[in-house]
2 protein chains.
Amino acid sequence: MRIESLFDQQTQQIKIAVDCIIFGFNNNRLECLLIHREAEPQKGKWSLIGGFIGNDEDLDEAANRVLYNLSGLENVYMEQVKAFGKANRDPRGRTISITYTALILRSEYDDDKIKDHGAKWFPVNDLPELAFDHIDMVEAAIIRLRRRVRNTPIALNLIPEKFTIPQLQALYEGILDEPLDKRNFRRKIAQIEAIVKLGEKDMTASRRGAFLYAFDENLYNNTQYFNL
Amino acid sequence: MRIESLFDQQTQQIKIAVDCIIFGFNNNRLECLLIHREAEPQKGKWSLIGGFIGNDEDLDEAANRVLYNLSGLENVYMEQVKAFGKANRDPRGRTISITYTALILRSEYDDDKIKDHGAKWFPVNDLPELAFDHIDMVEAAIIRLRRRVRNTPIALNLIPEKFTIPQLQALYEGILDEPLDKRNFRRKIAQIEAIVKLGEKDMTASRRGAFLYAFDENLYNNTQYFNL
DNA sequence: GCAAAAGTGTTATATGTACACCCATGT
DNA sequence: ACATGGGTGTACATATAACACTTTTGC
């Protein structure tokens, strides 16, 4: 088959969508934003934030628009996970979906807007039944997330600009869903030049207080070193 | 925008294709299979093996069919790389392309069939000018390949069932495009249980002869260890 | 003075990297 | 005997994993 062969014909009838796997962090757990399906098929199940791609829209633009429409969030760092394209994956009609994933700060969300769309946060360890193949999408995104979170500073979007090391460790333990040794964790932090110690302490979580740190974007761009 | 919003309308006019980045190994170099474009646009440039997805075809099926049509190869181990979807990436019309990549043994190819399609092997370090955004696709696939080749036995598809260590090292040096230390390379091979030493020697490449090895699929499935 | 969280060092193990000489054989 | 490619071991640096006690402070 030549590359042009389908351009003349109008035979291809495939819709193409994006689905967003939005992770947030709450109660020391990783959560995922889902929408309640009010219509058949799979009415009552939950599904990812998704929508069809516009004719003149880049893929990432589509992902960002869909995310914006459903959450009000802009300029979110999203990465493509992969395309899902089994012929029968969506009973409504042939659809190929390209998944994007993001990590966001739940506190920056407009909760009312979320509720208007019938959306809700669920802990990733306790998801409801998902529509279509969305559970596969979430699993693929989690695997990717857990890898990326150790090599890139994406997780730092989930905590305030100034943070303590115990806070950051709790974040990582929540995302990775495993306990980390605090001495080893601190040693690794110390090796990351882009995480700089501030003079101040946070006194809210303990009597002694914990030193605050901040992530320096410029330093990170220079060193590119990040390993946790 | 609700997830259903485009299903009723017939507004979406996007074609969806697969493009295959097929790597082979020849003259101790990594090569990539390309097709010569005989038609406008970009007539005279070279492009990847690609085609549109059938309405009832899984994504991987489409990739395999396209590959089969252009090369006669079946049961090739292909992996999805990513989707390319810039709105203006193809001047012929809006097209989203999902890339798949494979490593194959050039000697198993039917060279006549390749020529019939105007296809040709090019060293990846010396590619001709490629159509559209295909150069980005090749680069993404090479990055992925170089990572995968160190963690999985996919490169073993490129050499005969029985092979010598110097052969395997040359293969890796060709794929990675960097010299490897032969003592370190041998030590790593020794740690991979799935690569088993045979009694025989290959006498064709040297006077002394070199021991032959083979990859044991079953052992690999048990141990899952592969690190080069 | 005690409860609660923050902070600190050492050792063992594994992995990566650099590096130079001897071995076996056909001619 | 020599040219050719095959084969071998050691030392150093780095990364990872396991593990227990002291410090600070508000009550």
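Quick note: numbers below take in every heavy atom, side chains included, and nothing from hydrogens, waters or symmetry partners. Labels below follow one simple rule: chain letters A, B, ... track the order of the sequence lines, proteins then strands, and each chain is numbered from 1.
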How bent is the helix from dG1(C)-dC27(D) to dT27(C)-dA1(D), measuring the angle between the end axes built from five pairs each, rounded to 10°? 20°
Aromatic plane relationship, Tyr220(A) with Phe215(A) - under 30° parallel, 30 to 60° tilted, over 60° perpendicular: tilted
Respond yes when some side-chain nitrogen or oxygen of Arg183(B) is under 4.0 Å from OP1 or OP2 of dA18(C), and no when none is. no
Name the nucleic acid region contacted by Lys188(B), choosing base, sugar-phosphate or nothing; use a 4.0 angstrom heavy-atom cut-off, strictly under. sugar-phosphate
Side chain of Lys182(B) - closest among dA20(C), dC19(D), dT10(D): dA20(C)
Counting side-chain heavy atoms from C-beta on, which of dG7(C), dG6(D), dA18(D) comes nearest to Pro166(A)? dG7(C)
Measure CD/Gln169(A) against P/dA6(C) and give the value in whole Å, please. 9 Å
Thr101(A) and Ile21(A) have their tightest heavy-atom pair at OG1-O, 2.9 Å
Can you tell me how far apart CD1 (Ile142(B)) and CZ (Arg147(B)) are? Round to the nearest 0.5 Å. 13.5 Å
Heavy-atom donor-acceptor pair, Asn227(A) side-chain to dA15(D) base, under 3.5 Å: no
Under the 6.0 Å and 45° cation-pi test, does Lys86(B) pair with Phe84(B)? no
Find the distance Leu228(B):CG to dG16(C):P and express it as a whole number of Å. 10 Å
Does anything in residues 201-215 of chain B reach DNA chain C, meaning a heavy atom under 4.0 Å, and if so which residues? Arg207(B), Arg208(B)
Phe226(B) atom CZ is separated from dT15(C) atom P, nearest whole Å, by 15 Å
Closest contact, heavy atoms only, Asp133(A) versus Arg89(A): OD2-NE, 2.7 Å
Between C1' on dT8(D) and CG on Asp181(B), what's the gap in Å once rounded to a whole number? 12 Å
Measure from CD on Glu173(B) to P on dG5(D) and round the result to the nearest Å. 14 Å
Gap between atom CG of Leu228(A) and atom OG1 of Thr152(A) - 0.5 Å precision: 10.0 Å
Could you state the CZ-C1' distance from Arg186(B) to dG6(D), rounded to the nearest angstrom? 6 Å
To the nearest angstrom, how far is Leu180(B) atom CG from dG16(C) atom P? 13 Å
Working for side chain to side chain donor-acceptor pair (under 3.5 Å), residues Ser97(B) and Asp19(B): CA-CA 6 Å; Ser97(B) 178; Asp19(B) 279 299; 2.6 Å; yes
Rounding to a whole Å, what distance do you find between Asn184(A):CG and dA20(D):P? 13 Å
Which atoms form the tightest heavy-atom contact between Leu130(B) and Gln42(B), and what is the distance? O-OE1, 4.4 Å
Is it true that Arg150(B) and Glu178(B) make a salt bridge, defined as a side-chain N closer than 4.0 Å to a carboxylate O? yes
